[in-house]
Number of protein chains: 2
Amino acid sequence: MSQYKEIATTLKNRIKTGDYETGQHLPSQKELADEFGTSRVTIQKALDELSNANLILRRQGSGTTVAPNSQSTLDILSSQYEGTTKLFEGRNKVTTQVLNFEIRLPNPHEQKRLAISSSTPVYDVLRLRNVDKEPYELDHSIMPLSVIQNLTEEIASGSIYKFIESTLNLKIGSSIRKITADTPQKNDQKYLKCNHGEPILQVSQTVHLSDGRAFEYSQTRHRYDKGGVIVINNSLSSNSLDV
Amino acid sequence: MSQYKEIATTLKNRIKTGDYETGQHLPSQKELADEFGTSRVTIQKALDELSNANLILRRQGSGTTVAPNSQSTLDILSSQYEGTTKLFEGRNKVTTQVLNFEIRLPNPHEQKRLAISSSTPVYDVLRLRNVDKEPYELDHSIMPLSVIQNLTEEIASGSIYKFIESTLNLKIGSSIRKITADTPQKNDQKYLKCNHGEPILQVSQTVHLSDGRAFEYSQTRHRYDKGGVIVINNSLSSNSLDV
DNA sequence: CAGTGGTCTAGACCACGTT
DNA sequence: ACGTGGTCTAGACCACTGC
């Protein structure tokens, strides 16, 4: 691990433990450089990490302070979006029912979203995730075999993300998601136990590896009383758009 | 404007105009440093900007390439979320009806979201935004007078964001948003012309200035057939969470 | 004016991919 | 082996804030 990342982790922990309190000043960059026995530029790279995560506010002339909401931001960071399995890990019981698992050729829409040709086969996986035995989300994922291999129904009944990161040793990069509301369809009524008039929150996303290859196009549908997406935006990477 | 930001803008333009094509290599950092007559570190800071915006992919050993989707990412960046007025600027006609405009004291929920005391008065503004004469969104904003002053009903019928940035000369910083689906309420039926069974997409957000002060807590409700939120995530600032 | 963060340099070494 | 991007240094100057 690089020095500036180690320092960033240390500083994050100091905020988490209240060593640096919300609203209070951090030591100056020069003091931190002395403490960690490094240069000011390295401290600045560490502070960049905290700044990107919205944990600190830097003001030229007056110093660096711990951001308001730093504690709730830390909560969100600690359960970063890496699939439903990780989100609920330890707190709730997640079970997954694989409703469909097949390999087929992609339709034109999927070809476009995944940037693959019509001859590249894809996994088509439909899963129902339950949290504490209550239906939580209905997930339909398309993954190209050119990127993801050796996926089985058994793996799909656990965490596909863990399989990709740990077993295939691939690094997940950026994603683009569109969040919309919709009326319940037949499958929503059947599996999520939605009645007529009970809205669905749908998240459509394409997820990429860090090398830029798209590895998943999915549509996830939530009951409106169990769904919701939280987005944190900073001026640096203003990354959310209402359409 | 600092040198690295100028260079970042130049490089973004080269991607926009197709000078650097999607998937193709950029010149190496050394070549760029020579071209711009600067050091490699400055080029790297410029590339950080593009990387944060998901416009490029950097691979140790093999070089920097223009990201897939760079063109659609540019589209999104060019209409960053700065209020509905800016989003539709030039393309559609946005009109705003101010349905309620008052100054009052905040309730406990609003006090918490805006981090203000019970004695700090707030503006309470309810607005209906129409795009091309069709109802688009119903927006309920709470803003503390300790931050925003001299707001009038006339200003509210235009763009409050432009007023804050241009007239008050304040800089907008981070925001935190929660996106949910909901059933239509009385106001939705009245103003957004929703029927029973037509879902609402709701965005609740708290927006901060760059100095960390919260200046707006709002709830915006969209017709399900005219709403949607797009979110771009990168590993750097993974900033979205399903709850 | 003193102290803070922001920018920039010239050069060094390392980690990684490709050939 | 070579070229790429990643990290790091020691020092400099600038911009801004607050006393």
Side-chain angles (χ1 to χ4, degrees), chain A residues 1-11 20 23-67 169-171 173-174 209-213 234-236, chain B residues 1-11 15 20 23-67 169-171 173 209-213 234-236:
Chain A
M1 182 85 93
S2 54
Q3 206 178 333
Y4 78 89
K5 281 184 183 162
E6 302 271 14
I7 295 172
T9 303
T10 302
L11 297 178
Y20 296 153
Q24 295 310 112
H25 277 77
L26 267 68
S28 72
Q29 296 181 356
K30 187 181 177 317
E31 286 171 321
L32 289 171
D34 289 345
E35 180 195 337
F36 289 98
T38 185
S39 67
R40 232 187 94 205
V41 177
T42 301
I43 295 297
Q44 285 176 319
K45 277 202 81 167
L47 292 179
D48 284 345
E49 300 270 301
L50 275 70
S51 185
N52 290 340
N54 274 304
L55 289 170
I56 56 171
L57 295 167
R58 301 155 90 171
R59 280 198 278 294
Q60 211 171 29
S62 79
T64 301
T65 52
V66 179
N169 233 347
L170 298 173
K171 201 155 173 288
S174 65
L209 297 175
S210 60
D211 65 10
R213 285 182 293 167
N234 54 41
S235 44
L236 179 139
Chain B
M1 183 82 93
S2 52
Q3 206 179 335
Y4 78 89
K5 282 184 183 162
E6 301 271 15
I7 295 171
T9 303
T10 302
L11 297 178
I15 291 173
Y20 297 153
Q24 296 309 113
H25 278 78
L26 267 67
S28 71
Q29 295 181 357
K30 189 182 175 320
E31 286 171 320
L32 289 171
D34 289 345
E35 179 193 338
F36 289 99
T38 186
S39 67
R40 232 187 95 205
V41 177
T42 300
I43 295 296
Q44 284 176 320
K45 278 202 80 169
L47 293 179
D48 283 346
E49 299 270 301
L50 275 70
S51 186
N52 290 340
N54 274 304
L55 289 170
I56 56 171
L57 295 167
R58 300 154 91 170
R59 287 207 251 343
Q60 211 169 29
S62 79
T64 301
T65 52
V66 179
N169 232 347
L170 298 172
K171 200 155 173 288
L209 298 175
S210 61
D211 64 10
R213 286 181 294 167
N234 53 40
S235 45
L236 179 138

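Just so we're on the same page: letters track the sequence lines, and every chain starts at 1.
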Report the distance from atom CG of A:L47 to atom C1' of C:dG5, rounded to the nearest whole Å. 10 Å

Please list, one pair per line, the donor and acceptor atoms closer than 3.5 Å that link side chains of residues 2-11 of chain A to other protein atoms, with sequence neighbours excluded.
| from | atom 1 | to | atom 2 | distance (Å) |
| --- | --- | --- | --- | --- |
| A:Q3 | NE2 | A:T38 | OG1 | 3.1 |
| A:T9 | OG1 | A:K5 | O | 2.9 |
| A:T10 | OG1 | A:E6 | O | 3.0 |

Respond yes when some side-chain nitrogen or oxygen of B:Q44 is under 4.0 Å from OP1 or OP2 of C:dC8, and no when none is. no

Interatomic distance where CD1 belongs to B:I43 and C1' belongs to C:dT9 [whole Å]: 13 Å

Nearest-nucleotide wise, let me know which of A:R59 and B:E31 is further upstream toward the 5' end of DNA chain D. B:E31

OG1 of A:T65 to CD of A:Q24: how many Å apart, nearest 0.5 Å? 9.0 Å

For the pair made of NE2 in B:H25 and P in D:dG3, what is the distance, rounded to whole Å? 15 Å

Counting the atoms with a prime plus P, OP1 and OP2 as sugar-phosphate, which does A:Q3 contact under 4.0 Å by heavy atoms, base, sugar-phosphate, or nothing? sugar-phosphate

Could you check whether A:K45 gets within reach of a base, just the sugar-phosphate, or nothing at all, counting any heavy atom under 4.0 Å? sugar-phosphate

Rounded to the nearest 0.5 Å, what separation is found between the CG atom of B:L57 and the CG atom of B:L50? 11.0 Å

Drop me the distance from B:E49's CD to B:K45's NZ, to the nearest 0.5 angstrom. 8.0 Å

For residues B:Q29 and B:L32, determine if any side-chain heavy atom of one lies less than 4.5 Å from a side-chain heavy atom of the other. no

Any chance you could measure B:S210, atom OG, to A:R59, atom CZ, to the nearest 0.5 Å? 8.0 Å

Quick one: CD1 on A:I56 to CG on A:D48, what's the gap to the nearest 0.5 Å? 8.0 Å

Counting just side-chain N and O atoms, does A:Y4 come under 4.0 Å of either OP1 or OP2 of D:dT7? yes

Give the rounded distance in Å between these two atoms: CG of A:L57 and C1' of C:dT4. 15 Å

B:S28 vs A:G37, nearer the 5' end of DNA chain D by closest nucleotide: B:S28

Using a cut-off of less than 4.0 Å, is there contact between a side-chain N or O of A:T64 and OP1 or OP2 of C:dG5? yes

Whether A:T42 contacts D:dT9 is assessed here as follows: a side-chain N or O lying under 4.0 Å from the phosphate OP1 or OP2. Is that the case? yes

Protein-to-nucleotide contact annotation, 5' to 3' order, nucleotides 10-19 of chain C [B base; S sugar-phosphate only; - none; under 4.0 Å, heavy atom]: BBB--BBS--

Length of the CG-P vector between B:L32 and D:dG3, whole Å: 17 Å

Separation of C:dG5 P from A:D48 CG (nearest whole Å): 13 Å

Interatomic distance, A:Q29 CD vs C:dT7 C1' [rounded to whole Å]: 11 Å

Starting from P on D:dC8, measure out to CD on A:E49 and report it in whole angstrom. 11 Å

